[in-house]
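Presented below is the structure to which this report refers.
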Amino acid sequence: MRKLYIFFIAFWVSFMTIYSIYYYKVKSKLDQSVVAMAQDLPHTVFGFEAQSDSDKNMIFTEGLSQIIPTLSKDYDSFLVPVPDTGFVSFNGPYTKPNIEKFYEGLVTKFQNHPPIEFKNLKDGNRLLLSYFFENVHLPDGFRVSESVVDFRGKKVRALQYHHQYISDTGYVSFYKNDNMHEYALKVKVNDGKDELTMYSCEACNSWLHAKLKADSLINYSVKYVPANNESVLIPELDFNIVKDFDKGGTKTNPVFNDYALAEERIKFKISAPKEGGPLEANKSYNTPVNFVMNGNVLMYIKEAGKKLPYCIIYIKDPEILKPAAKQR
């Protein structure tokens, strides 16, 4: 009996050690990104951009209004709800059965996601949460760039496109207007289920201005095909941002007063097909079309065949871009 007890203890210790290593390895992998609270990002706004915030980054989804549609209807003409495959929500009392059901839905859509910590919540407190997570899988032709790029004086990481196979061109389209320093990319992502559009423009003074110009460039310009000795750089995005809504705030919707905690979470990443290393011999490639160095960058993603996007990101400041590693 004593031997059986010792064996059980040894087995349990070994199991917990292996699980802990696995858990923290997964957690570390998930956290290799820009992780921040929205209030700690002074140059970034969540939601519909106000006129006073036109010089800031913008991250725009329906957020909490996807759970409670009456919160706002100001942007119906710009956005649609994010697909259910990348969205989970919580709206109700914070209890063990409710939180277990929430986690069940979360790990079903986002495997191996670590637990979310909700600080200062007591059993029975009302919780309102929207969580949008998107990992944009780029097609072949994209790789992690060995070169870093300068965005407003900060070195940031980039992904690089260099077409290697004829099949690549069926997924990626490029447009450019060198006279106006306008460059655009439209790519089928996530196995063709979604479309990602990126646009760079020096002269655009707002995301809406950039969106109109991007649509015009793509719809009325001839596609540009990079030569064999050319490549294209785009910003590498990988962020995890949380916005808490202060129920006592003067500009906050009074609906939030009914909740002990109301927050939006967004985890967004753009992945190259092979993240293990840079494109072979990419040091020799020129980059005549560049989506990072010279202009403000707009990107939006929509389901294939749909008119409106479900996520819009406008970048004017590097605080949400992935910083370059020192060894790079």
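These numbers were taken from a predicted model, which means no experiment stands behind them.
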| request: Could you tell me the separation between the CG atom of Asp244 and the CD atom of Gln39, rounded to the nearest 0.5 Å? | output: 6.0 Å
| Under the ring pair (Phe, Tyr, Trp, His ring centres under 6.0 Å) test, which residues partner Tyr310, sequence neighbours left out? | none
| Rounded to the nearest 0.5 Å, how far does OH of Tyr94 lie from CG of Leu128? | 15.0 Å
| said: The test is side-chain hydrogen bond (donor to acceptor under 3.5 Å, both in side chains); show your working for Thr44 and Glu319 and say whether it passes. | reply: CA-CA 8 Å; Thr44 301; Glu319 70 179 7; 2.7 Å; yes
| field | Parallel, tilted or perpendicular, as decided by the 30° and 60° cut-offs, for the rings of Phe142 and Tyr161 | value | tilted
| query | Is the His113 ring parallel, tilted or perpendicular to the Tyr131 ring (thresholds 30°, 60°)? | reply | perpendicular
| Ring center gap for Phe245 and Phe256 short of 6.0 angstrom | yes
| message | Test of understanding: clusters of I, L, V, M, F, W, Y form through side-chain heavy atoms closer than 4.5 Å, transitively. Do Met299 and Leu308 belong to the same one? | response | yes
| said: Is the ring pair Phe78/Trp207 parallel, tilted or perpendicular, if the boundaries are 30 and 60 degrees? | reply: perpendicular
| query | Does Lys211 make a cation-pi contact with Tyr199, if we ask for NZ or CZ under 6.0 Å from the ring centre and within 45° of the axis? | reply | no
| said: Quick check for you: to the nearest 0.5 Å, what is the distance between Leu298 atom CG and Tyr314 atom OH? | reply: 7.5 Å
| task | Mark yes or no: Lys267 above the aromatic ring of Phe133, with NZ or CZ under 6.0 Å from the six-membered ring centre and no more than 45 degrees from the axis. | result | no
| said: I'd like to know if Asp215 pairs up with Lys213 as an ion pair, taking the criterion as any Lys NZ or Arg NE/NH1/NH2 lying under 4.0 Å from an Asp or Glu carboxylate oxygen. | reply: no
| Just wondering, are more than 12 heavy atoms of other shown residues or ligands nearer than 6.0 Å to CG in Asn219? | yes
| message | Please report the interatomic distance CG(Leu106) to OG(Ser89), rounded to the nearest 0.5 Å. | response | 11.0 Å
| note | Taken to the nearest 0.5 Å, the spacing of Leu237 CG from Leu159 CG works out to 8.5 Å
